[in-house]
Amino acid sequence: MSLVVRPLTAADRHQSSRLGAEAFGGNPAPSEPEGAEPPPLVGTVFTGTFDDGELLARLAVHDLSSLFHGQVVPTAGIAGVTVGLEHRRRGLLGPLMRSAVAAAAEQGAVISTLFPTAPRIYRRYGYELISSITTVEIDTTALATIPPYEEGVTLRRATAADVDALLGCYLVWAQAQNGPLTRTGPRFTDPAEDFLDTTGTTMAVDSDGAVLGYCSWDRGTGYGRDIAIEVYDLVALTPGALTALARALAGFGSVAGKIQWRTSGFDELDLLIGAGQHTVTKEQPYMLRVLDVPAALSMLSAPAGSDFSVDLEVVGDDLGLTDGCYRITAADGAVHTVRTRRRTASPTFTPRGLALWWSGRMTLRNLRMAGLATGGVADDATFDALIAARPLQIRDYF
């Protein structure tokens, strides 16, 4: 085969759609009439592997932004990865990933993330599981047992005029987590649709009308013990808002026996109703890898008043982006990172280990236990101090 890896164009749309339908189901898009050209996908670049004009494999890279360590992190979201049935196990994915991810890094992406159907495939490229979107279900009656928390919080239905306030509330919540998308940028051009395209979005507001939380929910059809209300977002900035929203959902108890909501495992609502009462109904694992080590590490923060310098090394990057030595310098809480040629008795990370440590998923000591980091034992406390504890929370599937 004489293979060519390149970005897809409008002329490749039908082949790409057919390949996607083969992998993920559905019907391929019809061929475009002669002379017609479909509008480009804003914020998404498809890359494909061709042999004499035939598309053998393709993937998409979404231009996204995530929040980690309180910082906005440019993110390349990988999706729609597929190789034609007759061309699998022929080594096509490696060159395709290298081309697409390298291009994203050149465009400024600091990390890359994806939702894998088979995680082991992506581990060879430096990705590792850090969290998931987990759909959980509880009996509606469990919410009805929550006692009121405080006065001063009222509920009302959101309208298009509230969209900016809803996004502001979401961003305040998201900045306190690791992993959520910012829901801004080219993939999020219609905030009203993002926040209001459900049966209803209920807001919790204070006496001045400020949004303290919200939940967007879908009623679905039918009624009875087996019917579930699906909650897409449940975001609260205060305990009063969380309590009020949860108690409001309990009002569906006469027509729906279940409430489903999306989380990333154990969260505040579990504490409110008593841990262990929910059942997991769906889990969508989430993987991450670092593309730009100096930029990613410079987004960390050190304890106030700290003044230190530590080195680390990254080895074994199949995509050829991150191998090398780096020096982290902290002064007055600010962190700066540069490449360095000097090798010391510093920790050495694999790309997978770096992803787990940088995302806050695992400590350096535990990475050594798993064989994803070596050396630098004396620096454990320093490295752990650079990763402030934040819950990993993923909400948006792409």
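Just so you know, residue 1 is the first one in the sequence shown, and it goes up from there.
Checking Glu230 against Gln260 by side-chain atom types alone, no donor-acceptor pair falls below 3.5 Å. Between the side chains of Glu283 and Ser132, a donor-acceptor pair is found at a separation under 3.5 Å. Between the side chains of Ser131 and Arg361, not a single donor N or O lies within less than 3.5 Å of an accepting N or O. Of the N and O atoms on the side chains of Asp317 and Thr322, at least one donor lies less than 3.5 Å from an acceptor on the other residue. Side-chain polar atoms of Asp218 and Thr199 form a donor-acceptor pair below 3.5 angstrom.
With rounding to the nearest 0.5 Å, the separation of OG1 in Thr279 from CG in Asp139 is 8.0 Å. Rounding to the nearest 0.5 Å places CD1 of Ile133 at 8.5 Å from OH of Tyr397. Summarising the geometry, atom CD1 belonging to Ile78 is positioned 4.0 Å from atom OG belonging to Ser112; distances are rounded to the nearest 0.5 Å. The distance from atom OG1 of Thr82 to atom NE2 of His87, rounded to the nearest 0.5 Å, is 11.0 Å. Between the OG1 atom in Thr337 and the OH atom in Tyr326 there is a gap of 10.0 Å [rounded to 0.5 Å]. Atoms CG and CE, from Leu129 and Met287 in turn, are 4.5 Å apart once rounded to the nearest 0.5 Å.
Contact check for Leu92 versus Leu3: side-chain heavy atoms found under the 4.5 Å cut-off. Side-chain atoms of Thr263 and Leu269, non-hydrogen and from C-beta on, never get closer than 4.5 Å to each other. With contacts defined as side-chain heavy-atom distances shorter than 4.5 Å, the pair Trp358/Val73 qualifies. At a threshold of 4.5 Å between non-hydrogen side-chain atoms, the residues Leu386 and Ile328 count as touching. With contacts defined as side-chain heavy-atom distances shorter than 4.5 Å, the pair Leu367/Leu356 qualifies. Side-chain contact check for Phe68 versus Leu392: some heavy-atom pair is nearer than 4.5 Å. You'll find the side chain of Val280 reaches within 4.5 Å of the side chain of Val136, heavy atoms only. Proximity of Ile111 to Leu291: side-chain heavy atoms (C-beta onward) are nowhere separated by under 4.5 Å.
Heavy-atom minimum distance, Ser99 versus Thr47: OG-CG2, 4.3 Å. Annotation for Pro347 and Asp311: closest pair CD-O, 3.4 Å, computed over non-hydrogen atoms. What you find for Ala355 and Gly126 is that their closest heavy atoms are CB-O, 4.5 Å. Ser306 and Gly333 make their closest contact through OG-N, 4.1 Å (heavy atoms, listed as atom of the first residue, atom of the second, distance). Pairing each heavy atom of Pro391 with each of Ala176, the nearest pair is CD-O, 3.7 Å. Between Tyr122 and Ala118, the closest heavy-atom pair is CD1-O, 3.6 Å.
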- Task: Apply the test side chain to side chain contact (heavy atoms under 4.5 Å, CB included) to residues Phe188 and Leu167: give CA-CA distance (whole Å), side-chain angles for both, the deciding distance (0.1 Å), then the verdict.
- Result: CA-CA 11 Å; Phe188 294 89; Leu167 179 58; over 6 Å; no
- Item | CA sep, side-chain torsions, deciding dist, call: Asp267, Leu234, side chain to side chain contact (heavy atoms under 4.5 Å, CB included) | CA-CA 11 Å; Asp267 63 15; Leu234 179 56; over 6 Å; no
- Query: Passes salt bridge (Lys or Arg N to Asp or Glu O under 4.0 Å), Glu128 versus Arg289? Steps please.
  - Reply: CA-CA 7 Å; Glu128 189 48 78; Arg289 67 152 289 152; over 6 Å; no
- Report the C-alpha distance between Leu166 and Leu196 in whole Å, list the side-chain angles of each, state the deciding distance to 0.1 Å, and finish with yes or no for side chain to side chain contact (heavy atoms under 4.5 Å, CB included). CA-CA 10 Å; Leu166 290 170; Leu196 301 179; 4.1 Å; yes
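Panel note: side chain Asn178, backbone His69; a donor-acceptor pair is recorded below 3.5 Å. Formation of a donor-acceptor pair under 3.5 Å by the Asp162 side chain with backbone atoms of Thr159 is found in this model. Side-chain N or O atoms of Ser264 include one that pairs as donor or acceptor with a backbone N or O of Ile394 at under 3.5 Å. Remark: side-chain polar atoms of Arg368 are paired, donor with acceptor, to backbone N or O of Gly375 under 3.5 angstrom. Side chain of Arg13 to main chain of Ala10: no donor-acceptor pair is present (N/O by atom type, distance under 3.5 Å, no hydrogens or angles). With hydrogens and angles disregarded, no donor-acceptor distance shorter than 3.5 Å links the side chain of Arg327 to the backbone of Val338. Side chain of Ser298 to backbone of Pro294: a donor-acceptor contact under 3.5 angstrom is found. The main-chain N or O of Leu181 is never found under 3.5 Å from a side-chain atom of Ser66 such that the two would form a donor-acceptor pair. A donor-acceptor distance shorter than 3.5 angstrom exists from the side chain of Thr145 to the backbone of Ala142, with no hydrogens or angles considered. Not a single donor-acceptor pair under 3.5 Å links the side chain of Gln177 to the backbone N or O of Gln393.
There is a path of hydrophobic side-chain contacts, each under 4.5 Å, that joins Val310 to Leu300. With hydrophobic clusters built from ILVMFWY side chains whose heavy atoms lie under 4.5 angstrom apart, Val231 shares a cluster with Leu155. The cluster map of Ile, Leu, Val, Met, Phe, Trp and Tyr, joined by side-chain heavy atoms under 4.5 Å apart, puts Ile130 and Phe349 in the same cluster. Taken together through direct or relayed side-chain contacts under 4.5 Å among Ile, Leu, Val, Met, Phe, Trp and Tyr, Ile387 and Met362 form part of one hydrophobic cluster. Each of Phe46 and Val101 belongs to its own hydrophobic cluster when Ile, Leu, Val, Met, Phe, Trp and Tyr are linked at side-chain heavy-atom distances under 4.5 angstrom.
Of the candidates Asp190, Asp194, Asp233, Asp233 is the only one forming a salt bridge (Lys or Arg N to Asp or Glu O under 4.0 Å) with Arg183.
Atom CD of Gln107 sits in a sparse spot, with 12 or fewer heavy atoms from other residues, nucleotides or ligands closer than 6.0 Å. Summarising the local packing, CZ of Arg88 is surrounded by more than 12 heavy atoms from other residues, nucleotides or ligands at distances under 6.0 Å. Heavy-atom contacts from other residues, nucleotides or ligands closer than 6.0 Å to CG of Asp164 number 12 or fewer. More than 12 heavy-atom neighbours from other residues, nucleotides or ligands sit within 6.0 angstrom of CZ on Arg225. Dense packing is recorded around CZ of Phe24, with more than 12 heavy atoms of other residues, nucleotides or ligands lying under 6.0 Å away. Summarising the local packing, CZ of Arg339 is surrounded by more than 12 heavy atoms from other residues, nucleotides or ligands at distances under 6.0 Å.
Using the six-membered ring where Trp is involved, Phe398 and His62 have ring planes that are perpendicular, over 60° apart on the 30 and 60° scheme. Using a 30° and 60° split on the angle between ring planes, Phe195 and Tyr214 fall in the perpendicular class, above 60°.
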Which pairs of donor and acceptor atoms, one on a side chain in residues 238-257, lie under 3.5 Å apart (sequence neighbours left out)?
{"unit_1": "Thr238", "atom_1": "OG1", "unit_2": "Ala241", "atom_2": "N", "d": "3.1"}
{"unit_1": "Thr243", "atom_1": "OG1", "unit_2": "Pro239", "atom_2": "O", "d": "2.9"}
{"unit_1": "Arg247", "atom_1": "NH1", "unit_2": "Ile146", "atom_2": "O", "d": "2.6"}

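Cation-pi geometry between Arg6 and Phe50 is met: under 6.0 angstrom from the ring centre, within 45 degrees of the axis.
Listed by first then second residue, pairs satisfying ring pair (Phe, Tyr, Trp, His ring centres under 6.0 Å) with a partner in residues 127-171 read Tyr170-Trp173, not counting sequence neighbours.
Members clustered with Ile227: none, using a 4.5 Å side-chain heavy-atom cutoff among hydrophobic residues.
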